[in-house]
Amino acid sequence: MAVKTRKTRQSKPIPSHFPNIDQVGIEERVARLNSRSIKKDSKVKALKLALSMIDLTTLEGKDTEGKVRQLCYKALHLHDSLPKLPHVAAVCVYNSMVGIAKETLAGSDIKVASVATAFPSGMSTLKVKLQETKFAIGQGADEVDMVISRGKFLAGEYNYVTDEIAAIKEACGKVHLKVILETGELNTLDNVRKASDLAIFAGADFIKTSTGKIQPAATMPVTLVMLEAIRDHYYLTGKKIGMKPAGGISKAKQAIQYLVMVKETLGNAWLNNNLFRFGASSLANDIIMQIIKQETGRYHSKDYISID
Amino acid sequence: MPKVNTLNFNTDWQYAEAPESSDHVQLESRYGHFINGKFVAPANGRYFKTINPANEAKLADIASGSAADVDKAVRAAKKGYKTWSRTPAKERAKYVYRIARMLQERSREFAVIESMDGGKPIRESKNIDIPLAAAHFFYYAGWADKLDYAFPNRRASSIGVAGQIIPWNFPLLMAAWKIAPAIATGNTVVLKPAETTPLTALMLAKVIQESGLPDGVVNIITGAGKTGSAIVNHPGIQKIAFTGSTEVGKIIQKAIAGTNKRYTLELGGKAANIIFEDAAIDQAVEGIINGIFFNQGHVCCAGSRLFIQESVADLVIRKLKDRMETLIVGDPLDKNTDIGAINSKDQLDKIKYYLKIGVNEGAEMYQPSCRIPQKGYWCRPTLFLNCAQSHRIVQEEIFGPVLAVQTFRTVDEGIEKANNTPYGLSGGVWTDKGSKIFKVSSKLRAGVIWANTYNKFDPSSPFGGYKESGMGREGGLHGLMPYLELN
Amino acid sequence: MKTKTKIASRKSQIPRVLVNLPEASDERLDLDKRIKVLKTYKIYIDGKFPRSESGRYYKLKDSKGNHITNMSRASRKDFRNAVVAARNAVSSWSDRTGFNRGQIIYRIAEMLETRKAQFIWELVSQGISRENSVNEVNTAIDRLVYYAGWADKYQQIFSSVNPVNASYFNFSVPEPTGVVGIIAPEEFSFIGLISNIIPAILGGNTCVVLASESMPLTAISFAEVLQSSDVPAGVVNILTGFEKELVSHFSGHMDVNAIIYTRNDPAQIKAIQISATSNLKRIHIRKDQNWMSPESQNPYIILDNQEIKTIWHPIGF
């Protein structure tokens with residue numbers, strides 16, 4: 001089944017060579033990027049940019065229609081007392097909640113992203129995953145966040161992993177596909193790079209670090225490796241792949257550090273929410289607090305910012 | 001590779017200025033020599049000025065050392081040696097530890113002044129120069145009472161008065177490299193910092209004064225070449241430790257011929273940084289950047305010759321150019337500055353001279369589009385592509401942010417070209433293959449090999465050159481040897 | 001002394017040149033009226049025994065002024081050829097394992113043991129007492145054995161693993177300096193020669209040696225031992241000739257990495273120290289040493305001709 005899909009879609013064999021990654025070298029590059037000092041106007045601009053890149057996320061077993069509605073309302077009204085605040089890029093929910101989210105967000109340009117493919121484990125058949133994907137799209141999802149089969153990947157079945165992504169991409173059609181590598185289970189940066197290259201090869205529009213269910217989730221070294229994979233693909237093909245670190249990014253300062261990394265690795269074209277997203281739930285509020293601090297000169301309290 | 005897919009690093013979102021605050025820094029308008037525990041005026045009453053190379057503003061007047069001043073310092077050191085060499089080793093250690101801690105305490109102030117006086121980015125003086133200097137004192141302090149364990153079947157004793165002459169590229173760090181092992185092992189010191197960067201050595205003198213280190217153990221004389229030569233030629237000195245150019249190193253070696261003075265020399269370099277096709281390319285590119293643009297390329301072990309295996313040459317050069325686009329050149333005190341000011345006008349002239357030579361030799365010059373300030377001494381990071389071994393920019397030490405790029409086809413060719421130089425201080429090897437690292441590292445004729453990294457330093461790690469890059473080691477266990485008599 | 005007298009007496013029978021075979025030390029053989037085959041002492045370059053390219057020689061005389069034999073008087077060009085040979089040998093010799101170099105040096109000891117008589121006789125013929133000659137040769141053999149044992153151990157004594165304050169594995173190891181020029185002691189002509197050559201080559205260096213001017217015989221015979229002991233060509237090159245003529249070439253040659261000077265001539269030492277700056281040669285002045293003493297053999301002498309190399313590598317995955 002998988003092979004069949006591949007034959008219809010891919011004519012080239014999957015990559016057989018993957019660049020090596022040196023862990024210490026990556027960590028030192030990250031440390032140097034993190035030493036950038038972002039102050040004043042530059043900081044405010046970065047904070048607003050980061051806000052506009054958030055995929056406001058709720059992915060819990062206890063999610064209800066009520067919870068999702070509240071989240072969507074928050075997405076539309078981040079902090080109304082601050083004018084000219086951008087709104088987030090998208091909300092990200094389970095596929096059963098896509099309909100509610102679409103309905104609540106109707107009329108806005110906030111996108112609805114749905115996780116799919118037996119999220120978060122991915123432990124199911126392609127048939128089920130395709131059904132799920134099609135269901136999410138049928139519900140109106142603008143974006144699909146799939147997970148790769150990490151077990152197959154670690155077992156060396158790269159064809160399987162690639163074909164699966166390609167099949168989901170085919171099912172997505174024009175709907176944007178984000179491919180979650182779940183880097184916390186891949187263990188090495190070499191694997192992160194390999195999985196990034198395979199996902200991009202198979203047709204991912206975005207590559208994404210994590211489900212948020214496994215620790216560590218997004219880290220800066222992992223993100224840098226993925227950005228470098230995106231850069232190499234751009235060098236070769238001119239095609240721009242998006243990046244989404246997700247999970248564990250809850251502070252404004254971290255968000256700015258990610259933006260520095262994007263700025264100095266990929267440059268201007270990636271500094272917008274078409275090509276860069278944060279998957280986060282509490283990040284937005286911390287950014288809002290920081291923006292208020294920048295504008296009032298006063299450190300703020302969480303008590304003044306809604307927590308939907 | 002198509003050239004159309006260019007990345008644009010001139011982003012809509014720019015970094016604002018982020019200056020390190022310097023209001024806590026206290027500079028005096030005039031500094032004397034530090035002799036016998038006191039700051040004293042120069043015998044001939046002459047001073048010279050030290051300036052900030054980033055804006056050419058005067059920072060302070062500095063005593064100009066004459067032979068009389070040097071003689072006074074050597075006498076003080078000789079006198080100091082009598083008691084210091086007999087001070088119990090564990091007590092000596094405590095003084096050196098004190099200096100280390102006091103440096104850590106005042107590290108921010110030292111960092112700011114280092115950047116003001118020498119032009120290096122505050123990011124480097126804060127994260128590298130000052131912490132490493134303190135760590136050096138800390139490391140050698142611990143050796144003072146453990147020398148019996150260092151050299152099997154030998155009893156170690158101190159030598160006497162060490163004359164130490166240091167360069168302007170790492171002013172405080174080089175002072176630490178020289179003073180720490182010397183005094184920990186029971187010697188006393190007359191040290192001369194470089195004339196363009198004397199301030200942090202003089203601040204160190206203040207720290208030493210506050211530490212209560214006995215008078216005469218460390219003496220610091222400021223001045224230019226003549227002052228240095230008075231130290232070298234003074235008969236009361238038993239050992240010379242010099243860091244600087246190979247040319248001056250040879251002059252020193254000649255000057256002390258026929259005497260019993262011992263010496264260590266840490267001289268120039270023209271290190272090869274070799275990128276093999278199986279390297280982690282993005283990290284290698286970062287290593288190239290650190291190798292040549294660290295401290296404006298004012299680094300004796302800078303990776304100033306880049307050798308790229310031909311199969312990855314286009315990719316590496318493309319990535320290198322993109323990475324250079326993100327380098328920020330400017331105010332050394334701005335926390336985001338990657339490349340600061342060239343240390344002096346003389347050095348800038350020398351670099352410009354070599355840029356002209358490179359162009360005339362037919363190498364292809366590339367510089368990124370970064371802005372540079374109007375006032376002060378500046379040089380954009382520079383690549384010379386399509387170089388050959390016969391080019392002067394490949395053979396001669398430029399001591400600036402200028403990288404000569406060559407390609408090679410086989411491992412043997414890479415090694416042969418890398419070794420094709422009178423220098424032998426350092427080298428870089430980038431490959432994912434372990435056995436290749438060991439083979440290439442052992443074939444490179446150089447004292448420090450960075451494999452899959454570059455420009456790393458540590459007090460416990462011996463540093464020093466082969467061939468015309470010098471003799472003797474500084475740092476680590478091996479760095480004790482120059483300051484000890486083994487019987 | 002007794003032997004010496006014999007030598008002198010033989011001079012009347014065979015004019016000008018001495019019968020210089022080892023058997024000659026056996027007094028019974030002196031009764032033999034057979035005309036001996038004489039040995040020509042040549043120089044040793046690149047594993048071969050040429051005469052000086054200059055064609056020059058000097059007369060070797062014993063302490064009484066009797067002519068023993070003619071020695072090659074090596075020229076600047078001989079020295080240059082020797083350096084070329086030594087340079088060519090560096091790479092493969094230093095690539096050998098310490099174990100292998102130890103085996104070869106032990107082999108030198110074995111060969112020397114079996115040719116002891118010749119060396120004793122040569123020393124005696126150059127004016128050293130019989131007792132001292134025996135001592136010197138015995139000490140030389142034992143010293144070879146001593147150093148053979150160091151070949152795979154000095155690295156452990158002088159290496160270090162450096163605990164740097166970051167995620168790097170960092171270690172320092174000794175590596176040979178390269179080509180070493182040795183002006184061997186004028187006195188202690190044999191033990192002094194061995195005591196300077198062996199620590200240099202066991203550490204992977206190659207050398208060009210100027211033998212004692214007044215007592216050069218054992219140096220050339222030692223070259224024969226080296227040649228038959230698996231020491232590769234070019235690793236040791238031995239010249240005979242005049243220090244005054246050659247030493248400036250030793251110290252000035254740009255392809256010689258280090259110079260060992262073992263004689264006590266302050267003016268010469270100063271000249272070397274100046275001339276050797278041309279390429280920053282490592283200079284080792286080993287004057288006034290009693291090369292027979294046990295203290296004169298130690299691993300620190302090996303270290304003199306080693307460079308410390310430090311290698312860094314990240315620790316990660």
Side-chain angles (χ1 to χ4, degrees), chain A residues 17-50 189-190 193 221 224-225 227-240 256 259-272 294, chain B residues 1-20 121-124 126-128 276-287 289-290 294 312 314-315 318-319 322-328 334-338 430-433 450-456:
Chain A
H17 173 77
F18 303 94
N20 309 310
I21 307 295
D22 185 80
Q23 184 196 354
V24 174
I26 286 284
E27 284 165 0
E28 287 180 350
R29 177 69 183 123
V30 166
R32 181 157 176 185
L33 287 164
N34 287 352
S35 75
R36 291 290 191 214
S37 175
I38 309 302
K39 301 284 180 209
K40 302 170 214 160
D41 299 351
S42 176
K43 186 170 183 180
V44 175
K45 197 163 182 183
L47 290 169
K48 290 184 177 169
L49 184 59
L189 295 177
D190 283 327
R193 174 64 196 235
L224 180 56
V225 170
L227 292 174
E228 286 171 352
I230 291 169
R231 182 169 63 187
D232 283 340
H233 185 70
Y234 176 71
Y235 279 152
L236 276 173
T237 65
K239 206 176 155 216
K240 299 187 183 95
I256 293 175
L259 291 182
V260 166
M261 187 185 276
V262 174
K263 171 176 156 72
E264 299 202 19
T265 309
L266 291 168
N268 205 43
W270 272 261
L271 281 174
N272 57 66
Q294 288 295 315
Chain B
M1 194 173 289
K3 282 228 153 69
V4 284
N5 309 332
T6 50
L7 296 168
N8 172 17
F9 291 100
N10 187 16
T11 52
D12 301 337
W13 173 48
Q14 298 281 353
Y15 304 147
E17 286 174 3
E20 179 76 37
I122 188 75
R123 181 179 60 82
E124 290 177 7
K126 199 162 64 176
N127 298 336
I128 298 165
F276 290 102
E277 59 190 359
D278 59 351
I281 297 293
D282 287 305
Q283 287 80 72
V285 168
E286 197 58 23
I289 295 282
N290 286 333
F294 173 52
V312 292
D314 289 347
L315 181 66
R318 173 178 196 165
K319 289 186 169 200
D322 273 346
R323 177 68 178 90
M324 285 166 72
E325 280 297 322
T326 65
L327 291 171
I328 299 170
D334 191 302
K335 290 174 198 164
N336 289 330
T337 291
D338 294 305
W430 297 83
T431 166
D432 200 45
K433 189 173 178 185
W450 287 290
N452 291 326
T453 186
Y454 207 95
N455 268 345
K456 291 285 181 304

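Just so it is clear: chains get the letters A, B, ... in the order the sequence lines come, proteins before strands, and each one is counted from 1.
The candidate from G25(A), A46(A), S42(A), S35(A) with the greatest count of non-hydrogen atom pairs under 4.5 Å with chain B is S42(A). When the candidates R193(A), H17(A), R231(A), K240(A) are compared by the number of heavy-atom contacts under 4.5 Å with chain B, R231(A) comes out ahead. Taking R123(B), E325(B), E17(B) one by one and counting their heavy-atom pairs under 4.5 Å with chain A, the maximum is reached by R123(B). Ranked by heavy-atom pairs under 4.5 Å with chain B, the list T265(A), D41(A), L49(A) is led by T265(A). Of the listed residues I328(B), N8(B), D282(B), the one with more heavy-atom pairs under 4.5 angstrom with chain A than any other is D282(B). Considering only heavy-atom pairs separated by less than 4.5 Å from chain A, the leading option among N336(B), N452(B), D278(B), D432(B) is N336(B). The choice from I289(B), T326(B), I281(B), T453(B) that makes the most heavy-atom pairs within less than 4.5 Å of chain A is T326(B). Note: E28(A) leads E28(A), K239(A), K40(A) in heavy-atom pairs under 4.5 Å with chain B.
Across every non-hydrogen atom of N20(A) and A280(B), the tightest pair is O-CB, 3.2 Å. Shown here for G238(A) and N5(B), the closest heavy-atom pair between the two residues is N-ND2, 3.1 Å.
In this structure, CD in Q283(B) is found 10.5 Å from CD in E27(A), a value given to the nearest 0.5 Å. Going from atom CZ of R323(B) over to atom CZ of F9(B) covers 9.5 Å, rounded to the nearest 0.5 Å. Separation of atoms CD (E228(A)) and OH (Y235(A)) is listed at 10.0 Å; rounding is to 0.5 Å. The structure places CE of M261(A) at 12.5 Å from CZ of R36(A), a figure rounded to the nearest 0.5 Å. Rounded to the nearest 0.5 Å, atoms OG1 (T11(B)) and CG (L266(A)) are 12.0 Å apart. Atom NZ of K456(B) is separated from atom CZ of F294(B) by 9.0 Å, given to the nearest 0.5 angstrom.
Proximity to chain A (any heavy atom under 4.5 Å) is shown, for K126(B), by neither the backbone nor the side chain. With a 4.5 Å cut-off on non-hydrogen atoms, V24(A) does not touch chain B at all. When heavy atoms are compared at a cutoff of 4.5 Å, Q14(B) approaches chain A by way of both its backbone and its side chain. For chain B, the nearby parts of L259(A) are the backbone and the side chain; heavy atoms of each come within less than 4.5 Å. With a 4.5 angstrom heavy-atom cutoff, L271(A) touches chain B only via side-chain atoms. Only the side chain of D232(A) has a heavy atom closer than 4.5 Å to any heavy atom of chain B. Proximity to chain A (any heavy atom under 4.5 Å) is shown, for D338(B), by both the backbone and the side chain. If you measure heavy-atom distances from K263(A) to chain B, the contacts under 4.5 Å come from both the backbone and the side chain. Interface residue A279(B): only backbone heavy atoms are found under 4.5 Å from chain A.
Look at E286(B) and K319(B) and you find no salt bridge, because none of the NZ, NE, NH1 or NH2 atoms lies under 4.0 Å from a carboxylate O.
In this structure a side-chain-to-backbone donor-acceptor pair under 3.5 Å is present from Y234(A) to T6(B).
Ring geometry, W450(B) versus Y454(B): the interplanar angle falls from 30° to 60°, so the pair is classed tilted.
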